[in-house]
Amino acid sequence: MIGQLIDSLSDPEYTGDRRCWPCTLVNAVLVGLAALLVGRRWRRLGGVVVLGIGGVLIALRGYVVPYTPRFAPQLVDRLPVDLGFDHAPAEPSDSLVAAENPDRLVGVLIEAGVLTGDEMLHLEDGFAETWTREMDTLRGGSDREIAAAAAEAVPFDADSTVSGERLLVAGQRDAWLSRPVAIAETAGIEALVAAGVDRETAASAVGPLRMFLPVCPDCGGTVAESTIQNCCGGTKGIYDRPDREVLACVDCESVLYEFQPLDETAD
Ligand SMILES: [Zn+2]
């Protein structure tokens with residue numbers, strides 16, 4: 001009976017791993033205020049009941065105030081303090097090295113025979129094979145081993161460590177990488193160097209080169225264009241928009257490349 005009630009009330013879309021903490025927080029504050037108001041104007045017991053029911057519903061459903069997902073994340077974003085909500089699954093991965101001049105890099109890659117094609121650039125077959133082979137080799141390693149390989153691949157002294165689901169390569173700056181991106185870029189640098197590109201250029205070219213990934217670095221699956229949605233249509237800062245165009249793995253759903261929205265690249 002109680003189990004059935006809980007089942008019918010609970011909403012997996014907004015709870016568990018998918019719980020949106022800004023929504024939960026805003027609702028907790030609103031329920032608290034409502035309880036206070038009811039307790040003051042009528043009886044203390046009324047306030048306790050409001051608090052209890054509100055709390056249970058937030059726990060089971062993610063939120064109680066209608067339309068919370070439409071306004072809570074934006075509201076929390078505007079608070080003057082950083083509450084440190086962890087949006088790790090939605091947060092994009094860094095690149096090992098920031099690409100500075102993409103146009104020049106494309107020229108270098110065409111010259112090295114890595115990219116080919118007239119109207120639509122694509123990977124040269126031989127290079128795609130080398131890159132895939134390098135990724136196959138790395139894929140068997142633990143996160144720690146992959147982070148260490150990434151620190152070896154960059155053209156400067158770097159330390160590596162693993163924190164939760166992110167691989168950190170700390171050298172000129174801190175690069176926090178997802179495992180698939182770390183595999184893609186480490187293997188990509190080695191493949192580019194093998195194709196005759198100098199390591200410095202290879203390291204800055206490999207981020208944009210992920211746009212051409214032949215297979216999923218983490219599972220070897222098929223790469224396809226896709227759209228990802230954040231739980232409530234918004235997170236933080238520059239990623240505060242409902243949909244993001246990405247390349248993702250069809251099999252393991254890893255996000256492998258994020259297309260930059262036009263308004264951001266225009267700046
Ligand atoms: Zn995959």
Side-chain angles (χ1 to χ4, degrees), residues 12-13 16-18 86-99 109 114-115 120-154 160-169 175-195 202-203 205-231 235 239 241-261:
E13 242 194 275
D17 285 348
R18 305 182 70 167
D86 186 16
H87 278 290
E91 208 82 48
S93 169
D94 288 338
S95 242
L96 276 170
V97 174
L109 295 179
V114 168
L115 289 177
M120 282 282 281
L121 286 174
H122 57 89
L123 286 187
E124 189 272 323
D125 290 348
F127 177 79
E129 259 170 52
T130 318
W131 193 6
T132 304
R133 199 172 341 108
E134 295 281 351
M135 289 193 285
D136 287 345
T137 313
L138 279 172
R139 194 177 300 145
S142 65
D143 288 357
R144 203 165 281 279
E145 287 164 343
I146 289 163
E152 283 287 306
V154 290
S160 67
T161 183
V162 174
S163 170
E165 296 199 333
R166 291 280 148 152
L167 286 60
L168 171 66
V169 176
W176 290 95
L177 307 161
S178 68
R179 176 183 163 94
V181 168
I183 296 173
E185 297 203 350
T186 307
I189 292 175
E190 300 306 342
L192 284 168
V193 169
V206 79
L209 199 65
R210 266 192 283 129
M211 207 186 306
F212 300 97
L213 264 172
V215 293
C216 171
D218 208 13
C219 77
T222 308
V223 178
E225 278 184 40
S226 165
T227 306
I228 50 174
Q229 273 186 318
N230 292 310
C231 58
T235 53
Y239 295 101
R241 54 175 188 271
D243 304 318
R244 281 146 54 195
E245 299 297 320
V246 298
L247 283 183
C249 173
V250 177
D251 298 328
C252 72
E253 295 180 1
S254 298
V255 174
L256 306 172
Y257 183 83
E258 298 237 353
F259 293 102
Q260 295 299 308

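Read the numbers this way: they start at 1 and go in the same order the structure lists the ligands and their atoms. Excluded from the calculations below are hydrogen atoms, water molecules and symmetry mates; all remaining heavy atoms, backbone and side chain alike, are included.
- Taking T137 as the reference, nothing meets the side-chain contact (heavy atoms from CB on, under 4.5 Å) condition, with sequence neighbours excluded.
- For A187, the side-chain contact (heavy atoms from CB on, under 4.5 Å) criterion is met by W131, E134, M135, L138, not counting sequence neighbours.
- T161 OG1 to R144 CZ: the interatomic distance, rounded to the nearest 0.5 Å, is 5.0 Å.
- Under the 4.5 Å side-chain criterion, counting only non-hydrogen atoms from C-beta, L213 is not in contact with Y257.
- Without hydrogens or angle criteria, S142 side chain to E145 main chain gives a donor-acceptor distance under 3.5 Å.
- Counting only protein atoms, the N, O or S atoms lying less than 2.8 Å from the Zn ion (ligand 1) are C216 SG, C219 SG, C249 SG, C252 SG, ordered by chain and residue number.
- Applying the side chain to side chain donor-acceptor pair (under 3.5 Å) rule to D218 yields the partners R179; only residues at least two apart in sequence or on another chain are considered.
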